[in-house]
A.B. asks: 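Could you have a look at this structure, given as structure tokens, before my questions?
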2 protein chains.
Amino acid sequence: MTSYIEPLAQESTPSIIADKLRKAIGHGEFRPGAQIVEADLARKLGVSRGPLREGMQRLTQEGLLVSIRNRGLFVIDMTPADIRDMYLAREAIERAAAYKILRDGDFETVGAALLAIVDRMLAADGDPAAIGELDIAFHELLVRLADSPRLSRMHRTSIIETRMCIHALEETYLATDARAIEHQRLADAIRTGDIARTDELLSAHMDDAIERLSNR
Amino acid sequence: MTSYIEPLAQESTPSIIADKLRKAIGHGEFRPGAQIVEADLARKLGVSRGPLREGMQRLTQEGLLVSIRNRGLFVIDMTPADIRDMYLAREAIERAAAYKILRDGDFETVGAALLAIVDRMLAADGDPAAIGELDIAFHELLVRLADSPRLSRMHRTSIIETRMCIHALEETYLATDARAIEHQRLADAIRTGDIARTDELLSAHMDDAIERLSNR
DNA sequence: GGGGTTAACATTGTCGACAATCTACCTTTC
DNA sequence: GAAAGGTAGATTGTCGACAATGTTAACCCC
């Protein structure tokens, strides 16, 4: 049971703006390489340029936007090298998360929760968009259940970048059951507490993803 | 040879401010838990509150500052749980960096460069401040030589947090040769390309650090 | 004396305006 | 005709002022 009495965290305007921008970028509302024009966006969001700029600085810090002085802010354009680097970072984070869960977490419960997502993937019956979302949900849940503020924060950025990639090539996105099976094996390894196998599967999983995204 | 002709990256004011703030926090100029008063700081830095706020948003995103709405920004106070979480993240990053170097980098050169730092640690002859700086330099170099923008960016935040911890208890900081030896073993493992041993030593190294910082 | 209300102060949040800079196009010159 | 120079437009960078909010302390009432 969670108490109703908890410190109420009023989010600051810049953080709300940052969230909205992240979603927009992840869902392809801003194309990679596109310029973010402050005045336009401020008008659309109904705020002035000040808070908007503050929010955009957050995304710049995360590496989702790149700043060119006196020119403006641009959405990052993921080169093949960027994709590899992003998966390197994601693997580092998710490995640490899995390791923490396996070592001093309730890996059986976590594994079961992950398998529930796999079930929904299998039920999605080849719908690329749905499977893509569930794929991301799987990895988000894995890191969230590791209960590490730092890993979660770092992971969030990687997830947005993953979304960008998936969105950029949704049409050529392979939505076979193979994806679901891969996740199922991983969840099973976690559920049974098999560290070595989890490590191996996670590593292979990332390599597969790079492979898929590079051969477009 | 590096060419003199290269794209000149003019850093934006917020990013310069963010750098200065990171240094100040890392070196204990702002104590953990202290409030950052915008007007004062803006005057000291010779800028207006606008760019300053943008820079501070970056540190908020990194988790170095926490924002309480209408109250202000405060330097993070590292609880024991935070220290553990920080080392979890640092280990994840440095492991990935070491792994990348060992797998497809020039691990002999990297190992040699790291050993050079160890030599300076041994030559520092027990000076806590010098050894602390070299300790950090060792880990910074390790990640930098992995040549991964994302790992480097994530690592930078962790390093500031490490600095905060070291600075907070510099007086009780153990400056024995044991620290240098630990790093020496690690550098040697990398130089000889021994993945398993690097993994093991890195993990033990982080556990040691947590141990040291928790038993104050 | 404890609890509640009120007023003054300090600090942050937001905005609009102006200055600095860059890009693109047009003009001039050889 | 091509290159250099100049100009207009658009966009970002910076600032100062004002509004909103929270805190503190004094004061009053019970």
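Predicted, not measured: the structure shown is a model, and the values here were computed from it.
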A.B. asks: If we ignore angles and hydrogens, is there a donor and acceptor under 3.5 Å between the side chains of B:His155 and B:Glu94?
C.D. replies: yes

A.B. asks: How about B:Leu65 and B:Val75: do any of their side-chain heavy atoms sit closer than 4.5 Å?
C.D. replies: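 Yes, close enough: below the 4.5 Å cut-off.
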
A.B. asks: Between residues 41-58 of chain A and DNA chain D, which residues have a heavy-atom gap below 4.0 Å?
C.D. replies: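 Contacts with DNA chain D under 4.0 Å: A:Arg49, A:Arg53.
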
A.B. asks: Salt bridge check: are A:Glu161 and A:Arg90 linked by an N-O gap of less than 4.0 Å?
C.D. replies: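 No.
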
A.B. asks: With a 4.5 Å cut-off on side-chain heavy atoms, are A:Ile166 and A:Ile136 touching?
C.D. replies: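 Sidechains of A:Ile166 and A:Ile136: in contact.
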
A.B. asks: Just by modelled atom types, is the B:Arg71 backbone N or O under 3.5 Å from a matching donor or acceptor in the B:Gln35 side chain?
C.D. replies: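 Side chain of B:Gln35 to backbone of B:Arg71: a pair is present.
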
A.B. asks: Between A:Glu133 and A:Arg163, does at least one N-O distance fall below 4.0 Å, as a salt bridge requires?
C.D. replies: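 A salt bridge links A:Glu133 with A:Arg163.
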
A.B. asks: Nearest whole angstrom, please: distance from the C1' of D:dA20 to the CZ of B:Arg71.
C.D. replies: 16 Å

A.B. asks: Test of understanding: with ring-ring contact (aromatic ring centres under 6.0 Å, His included), list the residues that count as partners of B:Phe30, not counting sequence neighbours.
C.D. replies: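 Counting only residues at least two positions away or on another chain, B:Phe30 forms no ring-ring contact (aromatic ring centres under 6.0 Å, His included).
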
A.B. asks: Look at all strands and tell whether A:Thr13 reaches a base, only sugar-phosphate, or nothing, counting heavy atoms closer than 4.0 Å.
C.D. replies: sugar-phosphate

A.B. asks: Would A:Arg179 and A:Phe138 count as a cation-pi pair here, with the cationic atom under 6.0 angstrom from the ring centre and within 45° of the axis?
C.D. replies: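 Relative to the ring axis of A:Phe138, which defines the angle, A:Arg179 lies outside at least one limit.
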
A.B. asks: Nucleotide range of DNA chain C contacted by chain A, 5' to 3', under 4.0 Å to a heavy atom?
C.D. replies: C:dT14 to C:dT23

